[in-house]
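The structure appears right after this line, and notes come after that.
Only heavy atoms go into these numbers, but all of them, side chains included; no hydrogens, no water, no symmetry mates. The residues of the chain are indexed from 1 along the displayed sequence.
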Amino acid sequence: MTPTPPTVVVLDADPPPRLGRLTGRARIVHTDAAHLAERLPEADVLLVWDFTSHAVREAWPGGGPRPRWVHTASAGVDHLMCPELAASDTVVTNARGIFDQPIAEYVAALVLAVAKDLPRTLEHQRERTWRHRETRRVAGTRACVVGSGPIGRAIARTLKALGVTTALVGRVPRTGVHGPDELDRLVSRADWVIAAAPLTAQTYRMFDAHRFGVMQPSAFFVNVGRGGLVDEEALAQALTRRWIAGAALDVFTAEPLPEDSPLWKVPGLIVSPHMSGDTVGWRDELGAQFVELYERWAAGRSLPNVVDKTRGYVPGH
């Protein structure tokens, strides 16, 4: 008698993942947020393809069996964690490794664009205005990258290649990584402050009025981590009052950013729609990563990218 293959429930987003390689090896069940709660008891594995949804966090506390393994197609896991999932035996993995270099390149692009005043060049071109200016040299400037995981380390490597002196800040100090108690000192000296940390109880709104107040007036702030890392009202005030020179946000507390959000019109703020890690083919990479992890799981082998559900990220960095 042929054994029944494991059931993989996919919390869908458009376009859905390509899982053809699992044909015959897994029973794939697609669901939306509204029906996730009724699908969870039949799932051996849950693939959170819609990583913007909070449906897992809302559906998990219900009755019945729960999946043995949950994989989210994202680096962050704050959108799905709840006390019941954290306390369970379910293994949670993330998409660590997919977004590291694309996000690092995006940050480097912002640094170069701001230093070379490219936004104003494009503005002058639209106005047919010939206005010579002097721009900043990037090499020799200082950056403080907050978040010592793979994304933060990739950002640090890429900025160092541009000649930027880079300090990396993590949860625990160690060789090459500064601890949280040094953050204010490093931020106060940095030309570029980049937030790339996971969202946890300790990092929630770590960039507030105090942090923006200790930054240099010439500093530029970038958030490619999670929206909750930043007190957005405090940032808007810091930019309006010219406490800092500018900022770029790729992540927000509310996404999509509402049309009536005042952030759209804050002077010196660049708004991008959570796209820093999304390069051509990124969804295929995410799908292929899940298939590889599934093959390991089905063979009884240990999984990489296992999240510490209490800390809210993959430990070891």
Side-chain angles (χ1 to χ4, degrees), residues 75 97 99-125 129-170 173-197 206-207 211-225 229-230 235 238-239 242-251 267-272 275-279 317:
F99 302 107
D100 307 355
Q101 192 56 35
I103 291 178
E105 292 171 4
Y106 198 88
V107 170
L110 285 170
V111 167
L112 289 169
V114 169
K116 303 308 176 184
D117 203 20
L118 295 185
R120 200 175 338 184
T121 295
L122 295 174
E123 181 181 335
H124 289 335
Q125 180 179 348
T129 299
W130 181 276
R131 185 166 299 164
H132 180 270
R133 297 161 343 268
E134 295 177 346
T135 62
R136 297 177 65 186
R137 184 191 293 265
V138 171
T141 60
R142 296 175 179 268
C144 176
V145 180
V146 183
S148 59
I151 292 174
R153 294 199 301 270
I155 292 170
R157 286 194 304 270
T158 303
L159 292 181
K160 286 178 182 177
L162 296 175
V164 179
T165 300
T166 305
L168 195 60
V169 179
R174 54 199 182 279
T175 303
V177 178
H178 299 269
D181 58 337
E182 295 189 72
L183 182 56
D184 282 354
R185 178 181 66 83
L186 294 169
V187 160
S188 70
R189 302 169 59 192
D191 300 288
W192 318 99
V193 179
I194 297 100
M206 66 187 304
F207 289 97
R211 284 272 146 70
F212 294 123
V214 301
M215 292 182 192
Q216 300 183 84
S218 59
F220 190 85
F221 174 74
V222 179
N223 186 14
V224 289
L229 298 176
V230 177
L235 173 61
L239 289 167
R242 298 185 179 179
W243 290 357
I244 61 176
L249 299 180
D250 187 55
V251 287
L269 178 61
I270 298 173
V271 171
S272 58
M275 59 180 283
S276 60
D278 302 346
T279 52
H317 55 261

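For the pair Leu249/Leu235, a side-chain contact is recorded, criterion being any heavy-atom separation below 4.5 Å from C-beta on. Here the side chains of Arg142 and Val164 are not in contact, with every heavy-atom distance at 4.5 Å or above. The closest side-chain heavy-atom distance from Asp278 to Phe99 is below 4.5 Å. Using a 4.5 Å heavy-atom cutoff, the side chains of Val146 and Pro180 are not in contact. For the pair Leu239 and Ile244, the minimum side-chain heavy-atom distance is below 4.5 Å. With contacts defined as side-chain heavy-atom distances shorter than 4.5 Å, the pair Arg131/Arg120 does not qualify. Proximity of Asp250 to Ile103: side-chain heavy atoms (C-beta onward) are nowhere separated by under 4.5 Å. Side-chain contact between Val107 and Val224 is present, with at least one heavy-atom pair separated by less than 4.5 Å.
More than 12 heavy atoms of other shown residues, nucleotides or ligands fall within 6.0 angstrom of atom CZ in Arg133. Heavy-atom contacts from other residues, nucleotides or ligands closer than 6.0 Å to CZ of Arg242 number 12 or fewer.
Residues Val169 and Gly179 come closest through the heavy atom pair CG1-O, 3.8 Å. Val177 and Gly170 make their closest contact through CG1-N, 3.3 Å (heavy atoms, listed as atom of the first residue, atom of the second, distance). Shortest non-hydrogen contact noted between Leu162 and Ala108 is CD1-CB, 4.1 Å. Between Gln216 and Ala190, the shortest heavy-atom contact is NE2-O, 3.0 Å. Across all their heavy atoms, Val145 and Gly152 have their closest contact at CG1-O, 3.7 Å. Between Gly147 and Leu168 the shortest heavy-atom distance is O-CD1, 3.5 Å.
Summarising the geometry, atom SG belonging to Cys144 is positioned 10.5 Å from atom CZ belonging to Arg189; distances are rounded to the nearest 0.5 Å. Rounded to the nearest 0.5 Å, atoms CZ (Phe221) and CG (Leu269) are 10.0 Å apart. Of the inter-residue distances, the one linking Asp184 atom CG with Met215 atom CE reads 9.5 Å to the nearest 0.5 angstrom. Remark: Leu159 CG to Ile194 CD1 distance equals 5.5 Å, nearest 0.5 Å. For the atom pair CG of Asp117 and CG of Leu122, the computed distance is 9.5 Å after rounding to the nearest 0.5 Å. Taking OG of Ser272 as the start and CG of Leu110 as the end, the distance is 7.0 Å to the nearest 0.5 Å.
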Check the pair Gln101, Thr279 against side-chain contact (heavy atoms from CB on, under 4.5 Å), reporting the backbone distance first and the verdict last.
-> CA-CA 10 Å; Gln101 192 56 35; Thr279 52; over 6 Å; no
Derivation of the side-chain contact (heavy atoms from CB on, under 4.5 Å) call for Phe212 and Val193 | CA-CA 10 Å; Phe212 294 123; Val193 179; over 6 Å; no
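Residues that satisfy the side chain to side chain donor-acceptor pair (under 3.5 Å) test with Arg157, not counting sequence neighbours, are absent from this structure. Looking at residues two or more places apart in sequence or on another chain, you find a side-chain contact (heavy atoms from CB on, under 4.5 Å) between Ala115 and Arg136, Val138, Trp192. In this structure, Phe220 has no ring pair (Phe, Tyr, Trp, His ring centres under 6.0 Å) partners at least two apart in sequence or on a different chain.
Side-chain atoms of Thr141 and Asp191 include no donor-acceptor pair closer than 3.5 Å.
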